[in-house]
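Beneath this line is the structure, given in structure tokens, with notes to follow.
Both backbone and side-chain heavy atoms feed into the values below; hydrogens, waters and symmetry mates do not.
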Amino acid sequence: MEIMSALASAAENSGISGTPVLSWLPDSVLLEVLSFLSIRDLVRSGRVCKRWRRLIMDKTLWRHINLTPYKLNSKTLWHLIRHKFVASLQTLKLKGMLQSVKKQEFLTPAILQEMEKRFPHLKTLHLEQTNLHSLSYYYFPSTLKTLELSQCELPMNLFKAPPNKGRTFPKLEHLFLSNVSSFSNHHVETICSYSALKTLSLCGTYRVKDVGIQKSLPFLRGLEHLKLQGCDISDITLHLIGCHLKHLRTLALTDISSLTDAGLACLSGVKTLEKLLIEYNTHLSLNSIIAVCVTLPALGYLSLNGKFEGRGIDELKKSLPNCKVTN
């Protein structure tokens, strides 16, 4: 009944008027309706009839899989990989058991290797609350372009070189870290050396300091999007960004109390900057922000933290007529 109710609701959301008998719908429409279902309901819907069992195996329904709402163990994950997921899988989101009582590891080298074998188009892997202490980076599928880690536990040697020269590291283009407290200078330097990153987002990674950014810069020449939130960095990092990241399009600096006007002035060298977010940085003045922004010809969006009001914001908007300013 839950599945039928969900399908009826999805059909309505798809613009299907009235209450049609689902068996009358052509495959193309029914596939659109099935795409609104959660993974659990999608699997269950295969029990309705032979036609639905055939339809739920359509590759379009299994390109982007989000399993974070569910508690998984390694046995369940093995079953899904071997019997449910299809070769067209592009995005996989998983949630571990760090917050549970057992805290058992569910992601193993064997599972990662099986992923690479079965899913040649897997580009994005998102992991939450996952214990990675038994893993090394070279076990991750080499097809990955995006890696997202949130509240995970990492070993210091996660990114060590593979013992087998036949294995290659994933050539990541986008790396997102959120509240991974063990992520350090060593991690950021090492993973950047194996990748050609276009996006780097470090949120709540307080162990990353100026020296980590400095050692990573030689490998970040092509970086286009950078977010630093809650990192223990200073004006030195802004100086390095201004000198070396000449292709940067987006820069977000959030909750970094040690930044000053002197450091912000260094960003005037990043002429490609299109979006600048300066939030919860209490030591920056309005005059310094204006002075930097007027030197950035491509800047079209500026986000502040609500610190400036009234006449100050009016002055900022007047100085940047071609830039959308939010406060």
Side-chain angles (χ1 to χ4, degrees), residues 1-97 106-108 110-130 140-150 170-174 176 198-199:
M1 290 300 295
E2 291 180 3
I3 296 173
M4 295 301 294
S5 176
L7 282 171
S9 175
E12 183 177 352
N13 293 335
S14 300
I16 302 172
S17 60
T19 313
V21 178
L22 292 174
S23 60
W24 293 355
L25 298 176
D27 284 359
S28 59
V29 176
L30 192 51
L31 280 172
E32 178 68 19
V33 174
L34 288 169
S35 70
F36 285 86
L37 293 179
S38 67
I39 294 300
R40 176 176 291 173
D41 284 341
L42 186 62
V43 172
R44 288 175 176 174
S45 67
R47 304 169 189 167
V48 173
C49 63
K50 290 183 179 179
R51 183 188 178 202
W52 285 25
R53 186 161 56 249
R54 171 177 59 81
L55 287 175
I56 68 161
M57 295 310 297
D58 189 275
K59 63 182 182 180
T60 61
L61 298 176
W62 296 93
R63 288 175 179 167
H64 308 286
I65 302 300
N66 182 8
L67 295 176
T68 56
Y70 312 113
K71 293 182 178 180
L72 296 177
N73 55 37
S74 57
K75 182 179 179 180
T76 303
L77 187 55
W78 266 115
H79 176 77
L80 291 171
I81 289 173
R82 288 175 168 173
H83 303 291
K84 297 298 181 182
F85 299 165
V86 297
S88 60
L89 182 66
Q90 297 176 14
T91 302
L92 180 59
K93 297 185 176 183
L94 301 170
K95 186 176 182 179
M97 305 180 71
F106 81 106
L107 199 61
T108 64
I111 288 177
L112 288 172
Q113 290 174 319
E114 191 71 11
M115 285 183 185
E116 178 163 21
K117 184 189 305 182
R118 290 177 178 268
F119 313 130
H121 305 290
L122 183 61
K123 302 298 183 184
T124 300
L125 181 62
H126 172 99
L127 300 176
E128 293 181 17
Q129 300 177 17
T130 303
F140 284 63
S142 59
T143 55
L144 286 185
K145 298 297 182 183
T146 301
L147 179 62
E148 303 171 349
L149 302 178
S150 175
K171 299 298 183 182
L172 285 185
E173 296 180 0
H174 312 283
F176 298 84
K198 296 179 180 179
T199 304

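- Rounding to the nearest 0.5 Å places OG1 of Thr91 at 14.0 Å from NZ of Lys145.
- The closest side-chain heavy-atom distance from Arg44 to Leu37 is not below 4.5 Å.
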Apply side-chain contact (heavy atoms from CB on, under 4.5 Å) to residues Gln113 and Lys117 and explain how you reach the verdict.
CA-CA 6 Å; Gln113 290 174 319; Lys117 184 189 305 182; over 6 Å; no
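- For Ser142 and Glu116, the side-chain atoms include at least one donor-acceptor pair closer than 3.5 Å.
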Start with the C-alpha gap between Lys71 and Thr76, add the side-chain angles, then the distance that decides, and say whether side-chain contact (heavy atoms from CB on, under 4.5 Å) holds.
CA-CA 9 Å; Lys71 293 182 178 180; Thr76 303; over 6 Å; no
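- Of the possible donor and acceptor atoms, one in the side chain of Thr130 sits under 3.5 Å from a partner among the backbone N and O of Glu128.
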Any chance you could lay out the side-chain contact (heavy atoms from CB on, under 4.5 Å) test for Met115 and Leu112, step after step, and finish with the verdict?
CA-CA 5 Å; Met115 285 183 185; Leu112 288 172; 4.1 Å; yes
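- From Leu67, atom CG reaches atom CZ of Phe85 across 4.5 Å, with rounding to the nearest 0.5 Å.
- Pairing each heavy atom of Ser45 with each of Trp52, the nearest pair is O-CE3, 3.3 Å.
- Atom-to-atom distance recorded for His126:NE2 and Asn66:CG is 7.5 Å, nearest 0.5 angstrom.
- Between the CG atom in Leu125 and the CG atom in Leu107 there is a gap of 7.0 Å [rounded to 0.5 Å].
- A donor-acceptor pair under 3.5 Å is absent between the side-chain atoms of Trp62 and the main chain of Ala87, judged by distance alone.
- Side-chain atoms of Thr146 and His174 form no donor-acceptor pair, as typed in the model, at a separation below 3.5 Å.
- Considering all non-hydrogen atoms of both residues, Lys95 and Thr68 come closest at CD-O, 3.2 Å.
- Phe106 is not listed as a side-chain neighbour of Ile111, based on a closest heavy-atom distance of 4.5 Å or more.
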Assess whether side-chain contact (heavy atoms from CB on, under 4.5 Å) is satisfied between Ile81 and Phe119, documenting all intermediate values.
CA-CA 9 Å; Ile81 289 173; Phe119 313 130; 3.9 Å; yes
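- The OH atom of Tyr70 sits 13.0 Å away from the NZ atom of Lys93 when rounded to the nearest 0.5 Å.
- Shown here for Pro120 and Thr143, the closest heavy-atom pair between the two residues is O-CG2, 3.4 Å.
- Residues Lys84 and Ile65 have side chains not in contact (no heavy-atom distance under 4.5 Å, counting atoms from C-beta outward).
- Here CD of Gln90 is found 8.0 Å from NE2 of His121. Values are rounded to the nearest 0.5 Å.
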